[in-house]
Every structure is written in structure tokens, then in C-alpha cells.
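See structure below.
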Amino acid sequence: DVKVTQSSRYLVKRTGEKVFLECVQDMDHENMFWYRQDPGLGLRLIYFSYDVKMKEKGDIPEGYSVSREKKERFSLILESASTNQTSMYLCASSFSRRGGTEAFFGQGTRLTVV
Amino acid sequence: KQEVTQIPAALSVPEGENLVLNCSFTDSAIYNLQWFRQDPGKGLTSLLLIQSSQREQTSGRLNASLDKSSGRSTLYIAASQPGDSATYLCALVYNQGGKLIFGQGTELSVKP
């Protein structure tokens, strides 16, 4: 079974803190993604990566950065957490094949910034 | 810009009913389409992936169809059960890079 594991289910951080959200997949997938999910706004893409050390901005990259030093790990970084970054964060991965492949998601991290 | 719409936003049915969830998209360019299930407070579970060259996929009581020309996909759930209660999301999957664009979801409640 494909496994995408996010390091925390719940996090509470203070405004201004630097926050790291970690995601690890065990299927040798090339593509990895970070989404946030908010009521009424659905899932929005923050950043994605299609190879080690490669990254692409999604629809809402402001206030975030990412790191992909190893193929299996994709980190989302909140440089200076703010209350409007309180959200559910979801990591996903997939193979990179012509024609597209199935994406698998982690269990989510509920981040609260106070 | 590609938009994905799911109708209805919420649905409540008695146990045993067959039901159809709808997903429409604005651009009929070639995309794959993936259906997910999400339980409250949890991540997304993949249900079915329909590749752009296919018209439908089946898994157990679930059947998903894709009509690119009309920009529509449907998820058919046969003989619904209370355990099917969840939010169902459809997503277009880009061929290059695998990026997904999501609909807002349909919240399904199956009453015993």
C-alpha cells in the first residue's frame, strides 16, 4: 500500500514562529504536493515538486516555502506564521508518467496559529 | 482558468438507495479525473482514477464515468450504506506534473 505520512496530526504555533510541516512517501513517487483546505474555499495548491530540488508555485504560495532535498520527503515551511495560515494542510504524491497517475494523500495536519 | 464544479453540495439519502454525484469542468482539454473520499478531519482517500483515454472505471459498488466532450464526470454509488457517509471530491489531474484541481465536494449522508 502507498503510504504518505505527515509528521503531525495537530500543531499549535504562535504568530511569528517558523513552522515546518514534513511529508514522507514510501513509493518512490516523483511528484509531491502541498495543499491547504479551508471551509468554503476547498483545496488550494500551495507548492508542488516534480523532482528532487525542483519546486513550482501553486495558486497560493505567499507566506510559504518548500524544500525537497530527498525524493521521499517534501517539507512545507511557514516563514513567519500568521493567524490566517490556520488551516488543514494536506500532502500528496504521485508517479510522473505520461497520461497522469493516481495521487495519494497523507492524513492531514491541522495547524492552529495563535 | 479551469474550474471544477460539484453538484449537489450536500445530499442525504436513506440506506440502500443508488445515487449519483456530479462533477463538471470548464475546459474539455484532455485531463485525467480522480475521485476521492474524505471523512471529517481526515485526509483524502483515492477511490477511482479515470484516465483521459477511458470512459469509466469500476471498483466494487462504485462506478465513475468521464465524458470529456461535455466536461462531465459522474460517480455512481450502488446500494448506499451508512458507512458511505463522507465528503466526495473530484479532481482534474494534469497530464504533466500530476497537479490536481479540486471541486468543492459533495457531502453525503446515508441514513440507516
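The analysis underlying the following values was restricted to heavy atoms, covering all of them including side chains, and did not include hydrogens, waters or symmetry mates. Keep in mind the model is a prediction, meaning the values are calculated, not measured. Chain letters run A, B, ... following the sequence lines, proteins first and then strands; every chain starts at 1.
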*Please assess Y35(A) against L100(B) for the test side chain to side chain contact (heavy atoms under 4.5 Å, CB included), listing each intermediate value before the final yes or no.*
CA-CA 10 Å; Y35(A) 287 84; L100(B) 299 99; 3.3 Å; yes

*Please check if atom CD in E17(A) has more than 12 non-hydrogen atoms from other residues, nucleotides or ligands closer than 6.0 Å.*
yes

*Same cluster for Y94(B) and L66(B) if Ile/Leu/Val/Met/Phe/Trp/Tyr side chains link at under 4.5 Å?*
yes

_A quick test of your reading: do over 12 heavy atoms of other residues, nucleotides or ligands sit less than 6.0 Å from CZ of R55(B)?_
no

*asked:* Assigning hydrophobic clusters by single linkage (Ile, Leu, Val, Met, Phe, Trp, Tyr; side-chain heavy-atom cutoff under 4.5 Å), is L43(A) placed with Y47(A)?
replied: no

*asked:* At a 4.5 Å cut-off on heavy atoms, which part of L48(B) comes close to chain A: side chain, backbone, both, or neither?
replied: neither

*Heavy-atom contact with chain B under 4.5 Å, split by part of E30(A)*: neither

*How about K42(B) and R9(A): do any of their side-chain heavy atoms sit closer than 4.5 Å?*
yes

*Counting only heavy atoms not in E107(B), do more than 12 fall under 6.0 Å of its CD?*
no

*Quick one: do L92(B) and L47(B) end up in the same hydrophobic cluster if we chain Ile, Leu, Val, Met, Phe, Trp and Tyr together by side-chain heavy atoms under 4.5 Å apart?*
yes

*For chain B, which residues from residues 61-90 of chain A have at least one heavy atom closer than 4.5 Å to it?*
M88(A), L90(A)

*asked:* With a 4.5 Å cut-off on side-chain heavy-atom distances among I, L, V, M, F, W and Y, is there a chain of contacts connecting I46(A) to L89(B)?
replied: no

*asked:* Using modelled atom types and a 3.5 Å cut-off, is there a donor and acceptor pairing between side-chain atoms of Y50(A) and backbone atoms of G98(B)?
replied: no

*Between the main-chain N or O of S46(B) and the side-chain N or O of E102(A), is there a donor-acceptor pair closer than 3.5 Å?*
no

*Single-linkage hydrophobic cluster L19(B)~L75(B), side-chain heavy atoms < 4.5 angstrom*: yes

*Would you mind reporting whether L45(A) and F102(B) have side-chain heavy atoms less than 4.5 Å apart?*
no

*Does the side chain of K99(B) reach to within under 4.5 Å of the side chain of E56(A), using non-hydrogen atoms?*
no

*Could you tell me whether R44(A) atom CZ has more than 12 heavy atoms of other residues or ligands within 6.0 Å of it?*
yes

*asked:* As an exercise: rank G42(A), A103(A), G106(A), G58(A) by heavy-atom pairs under 4.5 Å with chain B and give me the winner.
replied: A103(A)

*Value rounded to 0.5 Å, distance of SG in C91(A) from CG in L44(B)*: 12.0 Å

*Got a second to check how far T87(B)'s OG1 is from Q37(A)'s CD, nearest 0.5 Å?*
8.0 Å

